[in-house]
Amino acid sequence: MSDPQPRGLQLVTGGSGYLGSDLVRRLVARGAEVRVFDLVDADDRPPDVDFQQGDIRDAAAVARACDGVDAIFHNVAQVPLVRDRAMLQSVNTRGTERLLEAALAAGVRKVIHTSSSAVYGVPSELPVTEATPPTPAEPYGAAKYAAEGICAEFATRGLDVSIIRPRTIVGSGRLGIFQILFEWISQGSNVPVLGRGDNIYQFIHAADLAEACILAAGRAGSAEYNCGAGRFGSMREVLESLCDHAGTGSKVKSVPMRPAIVGMKLTSALGLSPLSGYHWLMYGRSMYFDNAKAESELQWTPRFSNDE
């Protein structure tokens, strides 16, 4: 993996969040001048990093943040757990449009838009490549896919914007919805898989994703890249590995898929479960990327396996 040296001011939107904070640290380590744009400041923000508070939907605040910027890493987004369709559209879609408008006006050299594998919905063929038609199946994926369409529109207007689509992001300090499973295992409780649990499921470590974003920022030309772990297996395998590592006595237990999905959908709709539509849709299904394009064009190699 090459080690590009960023030139000029680097803007990280959502730079106080999990991935954004990692990007900030890695850019600073490469000697970059960095600005963060977010609603809140992070406690661990490096002291020489500029912080500008603002809402991604506020055109004036976004324009100020983009002033004098060379490259933008766009990570602001409402997560799948948000059930408010209007909020997902206003932040994930229209907020991206506000940013790209400001970037084009400011003469920004490059924009990296962090999208989601949710844009693919339930793909008809695996592995998923950049040529796989996006078919989002729930509101979060639809909002992210609409934002990708806006990126493509601005690319035709002369803005160099590339899209990174990560698989499910995990890493030290961020488990997302999988925190529930970690808590059960820490308590010695058994954890469920749908059916036999033989669905192939790919994650990506936040550090690997951040490196892909930085490499993409150094490459001219608008493009899309799918990024996931290079070594991965079935959902049962990764959970059994986690149970063995914890040593708490937890076991992986199969539950019937169809009744479980019905139950997850119902409890999610009633607000009794933290699961969103994307979670019940994909937990028991196979989903994995072919990383060939990112590996070839960006010289990117993921370091962490699913188990790691």
Side-chain angles (χ1 to χ4, degrees), residues 1-54 56 61-77 95-96 99-100 102-104 106-116 151 159-166 169-174 204-225 227-228 291 294-295 297-304:
M1 185 182 296
S2 62
D3 187 23
Q5 299 300 310
R7 299 286 185 264
L9 179 60
Q10 312 288 298
L11 173 64
V12 182
T13 73
S16 299
Y18 182 67
L19 174 61
S21 294
D22 195 283
L23 272 166
V24 168
R25 289 190 294 270
R26 291 174 185 276
L27 289 167
V28 169
R30 285 170 162 86
E33 180 185 3
V34 180
R35 174 182 294 158
V36 166
F37 179 80
D38 210 324
L39 287 170
V40 296
D41 198 359
D43 294 335
D44 59 350
R45 174 173 56 86
D48 53 347
V49 170
D50 177 40
F51 174 74
Q52 292 194 14
Q53 186 177 33
I56 198 67
V62 172
R64 287 192 295 272
C66 291
D67 184 40
V69 165
D70 173 69
I72 299 174
F73 299 87
H74 179 43
N75 305 287
V76 169
T96 298
L99 177 73
L100 298 181
L104 185 62
V108 170
R109 175 187 60 82
K110 184 80 180 187
V111 177
I112 302 300
H113 171 68
T114 304
S115 186
S116 170
C151 289
L159 183 63
D160 190 343
V161 52
S162 288
I163 295 166
I164 302 288
R165 300 184 187 115
I169 307 168
V170 294
S172 177
R174 185 196 193 271
I204 186 170
H205 196 288
D208 284 332
L209 175 56
E211 289 296 330
C213 291
I214 292 171
L215 288 166
R219 185 181 187 278
S222 299
E224 302 86 35
Y225 299 103
C227 296
N291 292 327
E295 291 174 350
E297 293 189 5
L298 302 180
Q299 302 300 299
W300 174 75
T301 303
R303 294 166 47 212
F304 295 93

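For this chain, numbers begin at 1 and follow the sequence in order. Bear in mind that the values here come from a model prediction, so they are computed numbers and not experimental data.
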Using a 4.5 Å cut-off on heavy atoms from C-beta on, say whether the side chain of V24 contacts that of P46. yes
Show every salt bridge (Lys or Arg N to Asp or Glu O under 4.0 Å) that has at least one partner inside residues 9-27, sequence neighbours left out. D22-R25, D22-R26, R25-D44, R26-E211
Taken in chain and number order and not counting sequence neighbours, the residues that satisfy side chain to side chain contact (heavy atoms under 4.5 Å, CB included) with R64 are Q52, A60, A61
Judged by atom type as modelled, is there a donor-acceptor pair below 3.5 Å linking the side chain of T114 to the main-chain atoms of I164? no
What closest approach, in Å, do S222 and D160 show between heavy atoms, and which atom pair accounts for it? N-OD1, 3.3 Å
Any non-hydrogen side-chain atom of F37 less than 4.5 Å from a side-chain atom of L99? no
Which residues satisfy the side chain to side chain contact (heavy atoms under 4.5 Å, CB included) test with N291, sequence neighbours excluded? Q202, F289, E295, W300, P302
Inter- and intrachain pairs under ring pair (Phe, Tyr, Trp, His ring centres under 6.0 Å), touching residues 204-224, at least two apart: H205-F304
Rounded at 0.5 Å granularity, tell me how far CG in L9 sits from CD1 in I72. 9.5 Å
Quick one: list whatever passes side chain to side chain donor-acceptor pair (under 3.5 Å) with H74, sequence neighbours left out. T13, T96
Heavy-atom pair with the smallest gap, counting every atom of S115 and I163: CB-CG2, 3.7 Å
Could I get the full list of side chain to side chain donor-acceptor pair (under 3.5 Å) partners for S21, not counting sequence neighbours? none
For L215 and Q299: C-alpha separation, side-chain torsions, deciding distance, then whether side-chain contact (heavy atoms from CB on, under 4.5 Å) applies. CA-CA 8 Å; L215 288 166; Q299 302 300 299; 5.7 Å; no
Kindly indicate whether the side chain of H113, heavy atoms from C-beta on, has any atom under 4.5 Å from the side chain of L100. no
Can you name the closest pair of heavy atoms from G95 and I56 and give their distance? O-CG1, 3.5 Å
Sequence neighbours excluded, which residues qualify as side chain to side chain donor-acceptor pair (under 3.5 Å) partners of D67? none
Run the salt bridge (charged side-chain N to carboxylate O under 4.0 Å, His left out) test against R109 and tell me which residues pass, sequence neighbours left out. D70
Exercise: identify the closest heavy-atom pair between P166 and I204: CB-CG2, 4.1 Å
Is the backbone of S16 close enough, under 3.5 Å, to the side chain of D38 for a donor and an acceptor to pair up by distance? yes
More than 12 heavy atoms of other residues, nucleotides or ligands under 6.0 Å from CG of D48: is that the case? yes
For F73 against L27, the heavy-atom pair lying closest together: CE1-CD1, 3.7 Å
Looking at residues at least two apart in the chain, or sitting in another chain, which of them share a salt bridge (charged side-chain N to carboxylate O under 4.0 Å, His left out) with R35? D50
Non-neighbouring partners of L39 that pass side chain to side chain contact (heavy atoms under 4.5 Å, CB included), sequence neighbours left out: D55
State the CG-CD1 distance between L209 and I169, to the nearest 0.5 angstrom. 5.0 Å
All heavy atoms of C66 vs all of L11, minimum pair found to be SG-CD2, 4.0 Å
Which residues share a side chain to side chain donor-acceptor pair (under 3.5 Å) with S162, sequence neighbours left out: K110
